[in-house]
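None of the values given here were measured: they were computed from a predicted structure. Chain naming here is simple, since letters A, B, ... match the order of the sequence lines and numbering starts at 1 in each. We use all heavy atoms of the structure for the numbers below, so side chains are in, but hydrogens, waters and symmetry mates are not.
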Amino acid sequence: MAISLEYVVKETSGNLWRNRLMSLAAVLTISVSLALAGAALLLKQGVSTATSQWKGGVQLLIFMQPNATAAQTNAVSSQLKSLPEIKSYFYMDQSKSYQEFKQLMANSPELVKSVTESQIPPSFRVVLKNPNDAPSVGSLFQQQVGVKDVNFNRGAINTMLHVTSIVQFVIVALAVVLLISASVLILNVIRVAIFSRRREVAVMKLVGATNWFIRIPFMLEGLVQGLVGAIVAAAAVVGIQSLFHYVVSHFQVTVLSNFLVSSHDVVMTELFVVAMGIIVGTAGSAFAVRRYLEV
Amino acid sequence: MIKVENVYKRYKEDQYALVDCSLEIDRGEFVFVVGASGSGKSTLLRVLLREERPDTGQVWVAGKELSSMPGWKVPFFRRNIGAIFQDFRLLPNKTVFGNVAFALEVIGKSKRHIMNHVPQMLELVGLHDKQDRFPDELSGGEQQRVAIARAFINRPLILLADEPTGNLDPENSWSVMGLLERINRTGTTVLMATHDVGIVDSMRRRVIELDHGQIKRDQTRGVYGLGQQTS
């Protein structure tokens, strides 16, 4: 079965132009919902960046004295490096720890006010090869000079991770709902296009057009709408992201800086947005064609 | 060319459109199907076009058995069948040329093929000077001739006509009949459902009469009614 490219392009653009208002509505809905979905995903990335110091299964915290010397800190660091039981570790200095403290205690501002940065202990966050080693490894540092406390109780950490995972779940659920509504709208636009061209479709069937020949222009119509909507949404996501960057850097909102996402995350989100636009457009129109074209 | 065997078709419970219909039409025949409204003429034509499947019975058209034909084969089957209707079924947003060319476009014919064959076909139906007009700028008779051009452009083996003169004045009806006769003379089987007594009576072709879905009469060189019928 030969379907000429020229025919398909002509039919698809003709359809889009004839129903231009409906097409515009579909494109706008897709772009709004995909922009929201993309922004939600970036927010999710931001949340996970902000909580990443808890990620990777930190099992052991070694709090240093707030006034520990650099030599004492280095001694702990090099000892950590030499231990075979340790998979990885990183050092949270005072200013980072203070910010984390402010975030964790955001609901009790008077407590935050009463504590200054210099009172906050810096800490080593340690990931072990085997979590069961935590007590024995911890006891090595308990008595070390400059160490304030060793903590391998994960309760507090777990609570925080739990809360953020709920937030992320809600955001993703919202994005899914928006995408479903976008598909339904595309479905409706294609339905209208099909209904307005019933006569033509009947004639096509009469003269022996194959089902795919009839379907392809309609499906392509949905694809184009999805793609254009996604490109607009992708631009909006970049806009939102750079606005956020601007606010953070210009007004020195350091609390938010933890939420900044990498350009890699942005690129991945954009790819996701465009892919979803294509999928939503094609799936919506494919369903509409099956449902309403009766071919 | 067409063979219908014991075909039943009903749309609702105890409302039969076709009852035990059997008939056979040879290549190159010209056959009228007559009968009152609701006698099953249109259903018969729809079954032959595979727009409907019979409930029981078998239907062979152009060498294909239709009741067991899978849906994806239907478009290819229809390319061998031309069909025209009382309401013409032209596309209002395409020109005369565009309407005829459409039948070739949808089956993937090349532009060159279209440019060669469409003007030739329009010449045959006498509309070559109106190829850039739109259907609503034409008279009913001209529109039906465009529909005939579209139906015949693929040189189908069979032409099915469902009351093609139903909306036309006598003069236009005769020009349409003239075309159908010419098409029939090329060897194409023509099956025409009609109410038009004058045409049936003067053409003296085979007549099949349907009454409440049953074949009541099948007569070579017949007339519309047997004297008792008025219309």
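Contacts between Asn93(B) and chain A at a heavy-atom distance below 4.5 Å involve the side chain alone, from C-beta outward.
Residues of residues 46-57 of chain B placed with any heavy atom under 4.5 Å of a heavy atom in chain A are listed by number as Leu49(B), Glu51(B).
Phe76(B) and Trp72(B) have perpendicular rings, their planes meeting at more than 60° on a 0 to 90° scale where under 30° would count as parallel.
Residue Leu16(A) holds its CG atom at 4.5 Å from CD of Glu221(A), rounded to the nearest 0.5 Å.
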Exercise. Dump the intermediate steps for side chain to side chain contact (heavy atoms under 4.5 Å, CB included) on Ile180(A) and Val176(A), then the final yes or no.
Key: CA-CA 6 Å; Ile180(A) 290 173; Val176(A) 168; 4.0 Å; yes
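A donor-acceptor pair shorter than 3.5 Å can be found between the side chains of Ser23(A) and Gln225(A).
Put simply, the side chain of Gln86(B) does not reach to within 4.5 Å of the side chain of His195(B), judged on heavy atoms.
Cation-pi geometry between Arg198(A) and Phe195(A) is met: under 6.0 angstrom from the ring centre, within 45 degrees of the axis.
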